[in-house]
Amino acid sequence: MYTTIIILLILSTTTTAIATISSDITALKAIKSSINPATIPSYTCLHSWDFTSDPCSPPHVTHFLCGLSCSGKRVTQLTLDPAGYSGTLPPIISQLTQLITIDLSDNRFHGQIPNSLFSLPNLQTLILAGNSFSGVIPPAITNLRKIQTLDISHNALSGSLPKTLASLTELTRLDLSFNQVTGPIPVLPKNLIQVALKANSLSGDLQKQSFTESSQLEVIEVSQNSLTGTIPGWFFLTPSLQQINLSNNSFTRFQILKPVNSSLVAVNLGFNKLSGYLPATFSAYPMLASFTLSYNNLKGRIPWEYTKLPRLFLDGNLFIGLPPKDFFSRKTFIISGSLGDNCLKSCPAWSKLCFKSQKPCSVCQKAYRSGKLESKS
Ligand SMILES: *[C@@H]1O[C@H](CO)[C@@H](O)[C@H](O)[C@H]1NC(C)=O
Ligand SMILES: *[C@@H]1O[C@H](CO)[C@@H](O)[C@H](O)[C@H]1NC(C)=O
Ligand SMILES: *[C@@H]1O[C@H](CO)[C@@H](O)[C@H](O)[C@H]1NC(C)=O
């Protein structure tokens, strides 16, 4: 009898204790009501958000089945299902000050990302990928002092990035791919491991200051932009760097320095405007396994040292001479690659490396003739 009363008392006090604080409830209500109800089908998380019951109080049998998590009385995670919700994100979201995670990916949110979002003091994960957010990248982004993962890829953001992201000291993964971001690559923060800025309109050349802080950087994906100038030798020596994708930009030259402690595995410099000769030094990078230089204006012979690379794409350049014999011997490691669409003498048609035919003689003669003129003048 007494035990039952005590249990009931405990139960009722815990329920009261958990009741979500009212400012969090107000914010959640505002978030739901800024979404077009026609885009909230009955099987979705948001449909189960019924404010006749308390968002943070368990058990969630019929209401608040998903889309948020709490710690005590506070909402800590806002992770909506990719149901195609269409709406804007109201600034009042910043009232959810205990939020650690926001994931609204693959919906149809549009309009600006509210500036107030960047004042959330505890935010570690912000994923807004695959929506239609527009407007310029807010400078306030540098206020996310605890952010670890920032993914706003596949939206319609424009404008340039702040000059430096150095204040984002916890950030390990940054993805702004597939937007309309302009301007140069900013100073990257010191604990960044992966940066993806693919398919934007970034311009300018690679500045040393962008990379000096980020000694943990393993992956750089900035293909399909408008970067120009020389790819400097130091760039390939950025400590920790394993994968580089600079394809589909407008780089005109590249320099290779002798490797020091390099962990570089894959480099793609295809579809640029690179001219000059192929340096044998690149093959000295001890971990390098995949190298792509397809569709540039590179000339001269292919150094025999390159035969040790398992993946090698040199197609669409102006390479001349006989390709190194080892490319075609059974002992070589080449698993995939291409030497096609060059000016090579006798690339054996039976080898898949020579699948694409070589350029017509006239094209090659013209390229080398104008080259000589260039070097004389
Ligand atoms: C590099 O970027 C190009 C163009 O965006 C893409 O086709 C390629 O798959 C990327 N990755 C690698 C490893 O080359
Ligand atoms: C890269 O650029 C080439 C030439 O401009 C283009 O044909 C190709 O589709 C581009 N690749 C990607 C992945 O955008
Ligand atoms: C090479 O790497 C090792 C281990 O990571 C480190 O101790 C050493 O200082 C590095 N050497 C140079 C020249 O960077």
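Side chains are part of it too, since the values below use all heavy atoms of this structure and drop only hydrogens, waters and symmetry mates. Both counts, for ligands and for their atoms, begin at 1 and track the order of listing. The chain is numbered in sequence order, starting from 1.
- Near S223, with a cut-off below 4.0 Å to any heavy atom, the atoms of ligand 1 are 2 (O), 4 (C), 5 (O).
- For ligand 1, the atoms closer than 4.0 angstrom to any heavy atom of N268 are 1 (C), 12 (C), 14 (O).
- Of the possible polar contacts, none joining the S214 side chain to the K190 backbone as a donor-acceptor pair under 3.5 Å is found.
- Among residues two or more places apart in sequence or in another chain, the salt bridge (Lys or Arg N to Asp or Glu O under 4.0 Å) test is passed with K359 by D341.
- The side chain to side chain donor-acceptor pair (under 3.5 Å) analysis of residues 110-138, with sequence neighbours excluded, yields the pairs N122-K146.
- At least one donor-acceptor pair under 3.5 Å links the side chain of N342 to the backbone N or O of L339.
- Contact atoms of ligand 1 toward S247: 1 (C), 2 (O), 3 (C), 4 (C) (distance under 4.0 Å to a heavy atom of the residue).
- Both cation-pi conditions hold for K299 and Y368: the charged atom is under 6.0 angstrom from the six-membered ring centre and inside a 45 degree cone around its axis.
- Contact annotation: for K198 versus ligand 1, heavy atoms closer than 4.0 Å belong to the side chain alone.
- Listed by number with element, the atoms of ligand 1 under 4.0 Å from a non-hydrogen atom of Q224 are 4 (C), 5 (O).
- Remark: ligand 1 and N248 share no N or O pair separated by less than 3.5 Å (distance only, no angle test).
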